[in-house]
K.L.:
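Once you've had a glance at the structure underneath, I'll fire off some questions.
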Amino acid sequence: HYAEALVDLDGVLAQLPQNTGALYNKGIALFHLLRYQEALVSFNDVLEQNPALIEGWIQKGITLERLGLVDEAIEAFDKVLLLNPKHAEAAVKKGIVLVSLHRFEEAILILNRALEEEPANDRAWCNKGIALSGLERYEEAIRSFDKALEINNRCTRATYEKANAISNLGNQAEAVALYDYALKNEPDNPKILYYKGVALSRNERYDEAIDTFERALALEPENASGYYYLGVAYAGKERYYDAINALDHSLELYPSFAI
């Protein structure tokens with residue numbers, strides 16, 4: 001679909017190289033084809049012609065984030081907020097980038113700003129919860145995740161992040177139940193399986209933890225952390241030979257664990 005659209009758009013631009021709509025749609029097509037660097041060129045061309053085009057800045061920011069250029073992505077979202085201080089989508093996207101950088105205090109501020117404009121934005125509530133968890137404000141985080149789930153009860157991220165907060169507060173049984181609920185929606189999500197395995201280990205349910213980590217590692221066989229946590233679970237069962245093998249495998253994949 002996008003490859004065909006790209007051919008058509010190139011045909012339009014051959015005749016009308018300054019056609020802003022065609023340039024923008026070309027950037028969208030390239031983005032969906034995972035050709036991010038080329039997409040960025042298109043969005044820059046769009047913004048050169050129309051520097052006040054909010055959607056151009058939004059898509060440029062998203063593309064920069066995919067390229068790992070997070071500081072520039074934040075600048076793009078800030079440009080949107082300069083053009084329209086009440087633009088909730090730009091505030092949420094900036095907040096998500098800040099969360100990924102562990103700049104949690106800043107993330108909470110901008111996500112609160114988004115929620116003033118869109119109180120029913122489940123992504124804003126979910127990412128605010130992640131930021132609060134990052135600051136170890138787990139009870140507040142749980143309230144944020146609950147708000148996200150009230151708005152969108154199929155938000156798997158909010159479900160397992162809430163479980164993480166509950167686990168960090170020491171209630172492993174409730175956390176495991178929430179991980180299981182999240183796994184109904186995404187049964188092959190290794191991240192949820194790892195989190196569940198950690199909660200099971202914390203609850204000294206080592207056999208279940210081992211099964212869970214092995215299931216996760218079947219999906220992600222190169223995950224060093226997975227082998228580390230598997231080794232911890234084996235040690236909890238006093239299966240020390242298996243624990244050493246798992247930990248050795250972890251070190252082979254990620255030697256910095258030895259530091």
Side-chain angles (χ1 to χ4, degrees), residues 66 68 96 99-102 104 122-123 126-142 144-146 148-149 152-259:
R66 292 292 179 90
I96 290 170
V99 167
S100 74
L101 295 172
H102 293 188
F104 298 126
D122 60 298
R123 289 181 305 136
C126 181
N127 281 279
K128 180 179 176 179
I130 296 168
L132 288 164
S133 283
L135 296 171
E136 300 183 7
R137 292 160 60 180
Y138 298 121
E139 292 178 354
E140 294 173 78
I142 289 166
S144 284
F145 295 131
D146 283 340
L149 291 164
N152 177 10
N153 63 9
R154 294 185 61 80
C155 182
T156 303
R157 180 80 186 269
T159 302
Y160 72 72
E161 292 287 1
K162 177 182 176 181
N164 289 346
I166 289 169
S167 177
N168 284 322
L169 286 173
N171 190 339
Q172 309 308 332
E174 185 180 350
V176 169
L178 274 174
Y179 292 131
D180 283 337
Y181 184 80
L183 286 164
K184 288 180 182 178
N185 293 328
E186 297 185 18
D188 293 328
N189 186 321
K191 182 179 289 189
I192 304 173
L193 289 166
Y194 290 126
Y195 289 144
K196 178 184 175 182
V198 171
L200 288 165
S201 285
R202 287 175 174 174
N203 211 26
E204 299 183 2
R205 293 160 62 181
Y206 296 118
D207 287 326
E208 294 170 81
I210 290 165
D211 289 343
T212 302
F213 289 131
E214 287 180 342
R215 182 177 160 194
L217 287 165
L219 297 165
E220 264 189 353
E222 301 300 309
N223 189 304
S225 295
Y227 285 102
Y228 169 79
Y229 287 117
L230 177 62
V232 171
Y234 276 135
K237 278 293 291 181
E238 300 183 1
R239 292 171 57 178
Y240 299 118
Y241 181 79
D242 291 326
I244 290 168
N245 282 338
L247 293 169
D248 281 345
H249 200 155
S250 177
L251 289 168
E252 287 171 10
L253 292 168
Y254 189 60
S256 294
F257 269 141
I259 298 173

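Keep in mind that what you see is a predicted model, and the values were worked out from it rather than measured.
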K.L.:
Closest heavy-atom contact between A141 and G129?
P.N.:
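For A141 and G129, the tightest heavy-atom pair comes out as CB-O, 3.3 Å.
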
K.L.:
Just verifying a value: how many Å separate L251 CG and H249 NE2, rounded to the nearest 0.5 Å?
P.N.:
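One finds 10.5 Å between CG of L251 and NE2 of H249.
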
K.L.:
If you round to the nearest 0.5 Å, how far is CG of N164 from CD1 of I142?
P.N.:
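Reported value, rounded in 0.5 Å steps: 10.5 Å.
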
K.L.:
For the atom pair OG1 (T159) and CG (L149), what is the distance rounded to the nearest 0.5 Å?
P.N.:
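Those atoms lie 4.5 Å apart.
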
K.L.:
With sequence neighbours left out, write down each residue that passes side chain to side chain donor-acceptor pair (under 3.5 Å) with E208, or none if nothing qualifies.
P.N.:
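So E208 forms a side chain to side chain donor-acceptor pair (under 3.5 Å) with R205.
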
K.L.:
Can you tell me how far CG of L247 sits from OH of Y227, rounded to the nearest 0.5 angstrom?
P.N.:
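Spacing of OH (Y227) from CG (L247) equals 12.0 Å.
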
K.L.:
Can you name the nearest heavy-atom pair linking L193 to T212, along with the distance?
P.N.:
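Closest pair (atom of L193, atom of T212, distance): O-CG2, 3.1 Å.
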
K.L.:
According to side chain to side chain donor-acceptor pair (under 3.5 Å), who are the partners of D211, at least two apart in sequence or on a separate chain?
P.N.:
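Scan of D211 (side chain to side chain donor-acceptor pair (under 3.5 Å), adjacent residues dropped) gives none.
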
K.L.:
Just wondering, are more than 12 heavy atoms of other shown residues or ligands nearer than 6.0 Å to CD in E204?
P.N.:
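Counting neighbours around CD of E204, 12 or fewer heavy atoms of other residues, nucleotides or ligands fall under 6.0 Å, so no.
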
K.L.:
Mind listing the closest non-hydrogen atom pair of A182 and I192 along with its distance?
P.N.:
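It is CB-CD1, 4.0 Å.
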
K.L.:
Are N168 and E136 side-chain neighbours, meaning at least one heavy-atom pair lies under 4.5 Å?
P.N.:
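No, every pair of side-chain atoms sits at 4.5 Å or beyond.
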
K.L.:
I need the L178 CG to E161 CD distance, nearest 0.5 Å.
P.N.:
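The CD atom of E161 is 12.0 Å from CG of L178, to the nearest 0.5 Å.
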
K.L.:
Who are the salt bridge (Lys or Arg N to Asp or Glu O under 4.0 Å) partners of R123, not counting sequence neighbours?
P.N.:
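For R123 there are no salt bridge (Lys or Arg N to Asp or Glu O under 4.0 Å) partners, ignoring immediate neighbours.
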
K.L.:
What side-chain donor-acceptor pairs closer than 3.5 Å can you find for residues 231-239, not counting sequence neighbours?
P.N.:
unit_1	atom_1	unit_2	atom_2	d
Y234	OH	E214	OE2	2.9
K237	NZ	D207	OD2	3.4
R239	NE	D242	OD2	3.0
R239	NH2	D242	OD2	3.0

K.L.:
Kindly compute the distance separating OH (Y254) from CD (E222), expressed to the nearest 0.5 Å.
P.N.:
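Here the interatomic distance stands at 15.0 Å.
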
K.L.:
Under the side chain to side chain donor-acceptor pair (under 3.5 Å) rule, collect the residues that match up with N185, sequence neighbours excluded.
P.N.:
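Not a single residue meets the side chain to side chain donor-acceptor pair (under 3.5 Å) criterion with N185.
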
K.L.:
Output all residues satisfying side chain to side chain contact (heavy atoms under 4.5 Å, CB included) with N171, sequence neighbours left out; order by chain, then residue number.
P.N.:
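Counting only residues at least two positions away or on another chain, N171 forms a side chain to side chain contact (heavy atoms under 4.5 Å, CB included) with I166, A173, E174.
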
K.L.:
Which pairs count as salt bridge (charged side-chain N to carboxylate O under 4.0 Å, His left out) when at least one residue sits in residues 187-203, sequence neighbours excluded?
P.N.:
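For residues 187-203: D180-K196.
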
K.L.:
Identify, with sequence neighbours excluded, every residue that meets salt bridge (Lys or Arg N to Asp or Glu O under 4.0 Å) alongside K162.
P.N.:
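Residues passing salt bridge (Lys or Arg N to Asp or Glu O under 4.0 Å) with K162: D146.
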
K.L.:
So which heavy atom on S144 is nearest to which on L132, and how close?
P.N.:
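Heavy atoms only, the tightest pair is OG-CD1, 3.6 Å.
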
K.L.:
According to side chain to side chain donor-acceptor pair (under 3.5 Å), who are the partners of N203, at least two apart in sequence or on a separate chain?
P.N.:
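With sequence neighbours excluded, N203 shows a side chain to side chain donor-acceptor pair (under 3.5 Å) to no residue whatsoever.
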
K.L.:
Would you please name every residue forming a side chain to side chain contact (heavy atoms under 4.5 Å, CB included) with L135, sequence neighbours left out?
P.N.:
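Residues passing side chain to side chain contact (heavy atoms under 4.5 Å, CB included) with L135: F104, E105, I108, R137.
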
K.L.:
Between A148 and D122, which heavy-atom pair has the shortest distance, and what is it?
P.N.:
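Result for this residue pair: CB-O, 3.6 Å.
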
K.L.:
Between S250 (side chain) and A224 (backbone), is there a donor-acceptor pair under 3.5 Å?
P.N.:
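Checking the backbone N and O of A224 against the side chain of S250, a donor-acceptor pair under 3.5 Å is found.
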
K.L.:
Among all residues two or more places apart in sequence or in another chain, which pass the salt bridge (Lys or Arg N to Asp or Glu O under 4.0 Å) test with R215?
P.N.:
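Here no residue qualifies.
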
K.L.:
Which pairs, with at least one residue in residues 162-214 and sequence neighbours excluded, count as a ring pair (Phe, Tyr, Trp, His ring centres under 6.0 Å)?
P.N.:
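For residues 162-214, and leaving out neighbouring residues, the ring pair (Phe, Tyr, Trp, His ring centres under 6.0 Å) pairs sorted by first residue read Y160-Y195.
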
